[in-house]
Trainee: 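Below you'll find the structure I mean.
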Number of protein chains: 2
Amino acid sequence: MTHATILVVEDEPDIRRFLRSSLGAEGYRVVESPNGRRGTLDAGMHKPDLAIVDLGLPDFDGVEVIRHIREWSPMPILVLSARIQERSKVEALDAGADDYVTKPFGVGELLARVRAALRHAARPASGTELNFGEARINFEKRQALRDGAAVHLTPIEFRLLACLARHLGMVVTHRQLLTEVWGPTHAADTHYLRVYMKQLREKLEADPVQPKHLLTETGVGYRLAD
Amino acid sequence: MTHATILVVEDEPDIRRFLRSSLGAEGYRVVESPNGRRGTLDAGMHKPDLAIVDLGLPDFDGVEVIRHIREWSPMPILVLSARIQERSKVEALDAGADDYVTKPFGVGELLARVRAALRHAARPASGTELNFGEARINFEKRQALRDGAAVHLTPIEFRLLACLARHLGMVVTHRQLLTEVWGPTHAADTHYLRVYMKQLREKLEADPVQPKHLLTETGVGYRLAD
DNA sequence: GCGCATTTTTACGGGTTCTTTATGCGGCGG
DNA sequence: CCGCCGCATAAAGAACCCGTAAAAATGCGC
């Protein structure tokens, strides 16, 4: 496991250099994007643990970048801006940003906010327990039981199940599952889902051939029913 | 175990000397830092069992030191201060300090609080003792038994086991184990864990090849099950 | 300074997990 | 009735992770 990866979307080379050295010195891996288009792509490619986004970008507004990222990931987003205007700040936070730093800013403040954001994101997001059929899943312990016996789930199986559990009872589309578990570059690889849904049914359903909870919604996605 | 390591972050040489002799006489190993910057570094370098931090430091506030340490370690932190103000006390405790001593203080009081903090920290989730399989571990005495016979654990083995015990039944990620045991600079050195988990299994498991309690969660971390 | 316990580093074989591919089934519309 | 599409299933190869042993370096007490 490496240090956290941070995506920096910033057009001004000076500020980019400053961020690279400040964050790099703390052991973070830094990925840089000079504009909004690259930023949204890099977010999908590198799947960073946190994104720092400048609001004033040459091609399209930073708020757009935030919206794009928020379509598929809950990663913490830190907004950077020279503007004092309250409006853009509100817009950015509404779009899903987590925190806001106004230029000029000091290294200490920036690093503190980065750490705070990462710490906050590290908290277990989903509620602790989930029960359906003979299966009991504890997301905090990262443990699954069936008929009281421990069942081992691989990292991907767990993320997939967690994604379904977050939308308990609702249909989750192929696209949404794929982007949240494998990243937006695999948004079309529906065969992954077939393989892993079978694994989950095999491990958690009483009768994997006639699933009662891990349900298929043909042509749309999957649904977890309790 | 009387050989706990204590980090003292204190700028005044007189008080430092006083602490060094008082704590040294009790058998503690003492590491001294004259300012906040060195303090945060030394905490990562020496991985002390307890930190004593003065609030009034020349470079930056002791509360900052506490926050830095708390980002990666749950080690007990004892605050030292001449201030009577209630505010800084609250601030320090909010930042994650465990106890507070107001100057001037007596040797007896200090040592009592140090012992209390170490005793408190030595305990995993519940109670100071942990039993699994044929193994019995007393975290306060730093003593391990297997089938009634004493088993010697090295300092790192003990910290690793304590970290797992503190989260009994939960998966603890590679990153978390590494930062708590080796410090935040080694958060990526997963090979350490492989070596030491094997040692622990060799010493504590009935069948080290088929561990029943020190379990591995491939790609994620390790788990202590009872 | 010396010897010992401990920690760190390195290399490799084996195991798990992920990805890819192939095949069969069933519904639906042409 | 047949072909197409989406899904389930199985299985194999690739990539990655882990266990293991052993040597090298470090640090501590004497």
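Proteins get letters first, then strands, A, B, ... in listed order; numbering begins at 1 in each. Predicted model only: the values in this text are computed from it and were never measured.
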Trainee: Can you tell me the distance, in whole Å, between the OH atom of B/Tyr192 and the C1' atom of D/dA24?
Mentor: 13 Å
Trainee: From the set C/dT6, C/dT17, C/dT19, return the single nucleotide nearest to any side-chain atom of A/Trp182.
Mentor: C/dT19
Trainee: Please list all pairs meeting side chain to side chain donor-acceptor pair (under 3.5 Å) that have one or both residues in residues 203-214 of chain B, counting only residues at least two apart or in different chains.
Mentor: B/Glu157-B/Lys203
Trainee: Within this structure, what is the CG-to-P distance between A/Leu178 and C/dT19, rounded to whole angstrom?
Mentor: 11 Å
Trainee: Let me know the distance between CG of B/Leu153 and C1' of C/dT6, rounded to the nearest Å.
Mentor: 13 Å
Trainee: Is the count of non-hydrogen atoms from other residues, nucleotides or ligands lying under 6.0 Å from B/Arg136 atom CZ greater than 12?
Mentor: no
Trainee: Judged by each residue's nearest nucleotide on DNA chain C, which is more toward the 5′ side, B/Tyr196 or A/Ile156?
Mentor: B/Tyr196
Trainee: To the nearest angstrom, how far is B/Gln199 atom CD from D/dA21 atom P?
Mentor: 10 Å
Trainee: Rounded off to whole Å, could you give me the CZ-to-C1' distance for the B/Arg29 and D/dG27 pair?
Mentor: 9 Å
Trainee: Write down the atom of B/Ala162, the atom of B/Phe139, and the distance for their closest heavy-atom approach.
Mentor: CA-CE2, 3.5 Å
Trainee: For B/Asp49, run the side-chain hydrogen bond (donor to acceptor under 3.5 Å, both in side chains) check against B/Arg159, B/Arg29, B/Arg142 and tell me which one passes.
Mentor: B/Arg142
Trainee: Rounded to whole Å, how long is the line connecting atom CG of B/Leu200 with atom C1' of D/dT20?
Mentor: 15 Å
Trainee: Can you check the A/Leu160 CG to C/dC18 P distance for me, whole Å?
Mentor: 11 Å
Trainee: With no hydrogens and no angle check, just 3.5 Å: does a side-chain donor-acceptor pair link A/Thr216 and A/Arg201?
Mentor: yes
Trainee: What do the steps show when you test A/Arg38 against A/Glu32 for salt bridge (Lys or Arg N to Asp or Glu O under 4.0 Å), and what is the final call?
Mentor: CA-CA 9 Å; A/Arg38 283 299 305 273; A/Glu32 303 175 32; over 6 Å; no
Trainee: Please tell me if B/His152 has a side-chain N or O lying less than 4.0 Å from either OP1 or OP2 of C/dT6.
Mentor: yes
Trainee: Could you tell me the separation between the CG atom of B/Asp189 and the C1' atom of D/dC18, rounded to a whole number of Å?
Mentor: 16 Å
Trainee: In the 5'-to-3' direction, what one-character label does each nucleotide of nucleotides 3-11 of chain D receive under the scheme B = base within less than 4.0 Å of a protein heavy atom, S = sugar-phosphate only, - = no such atom?
Mentor: ---SBBBS-
Trainee: Before you tell me yes or no, could you show the steps for B/Ile77 and B/Asp99 under side-chain contact (heavy atoms from CB on, under 4.5 Å), namely the whole-Å CA-CA distance, both residues' side-chain angles and the distance that decides it to 0.1 Å?
Mentor: CA-CA 7 Å; B/Ile77 300 177; B/Asp99 200 357; over 6 Å; no
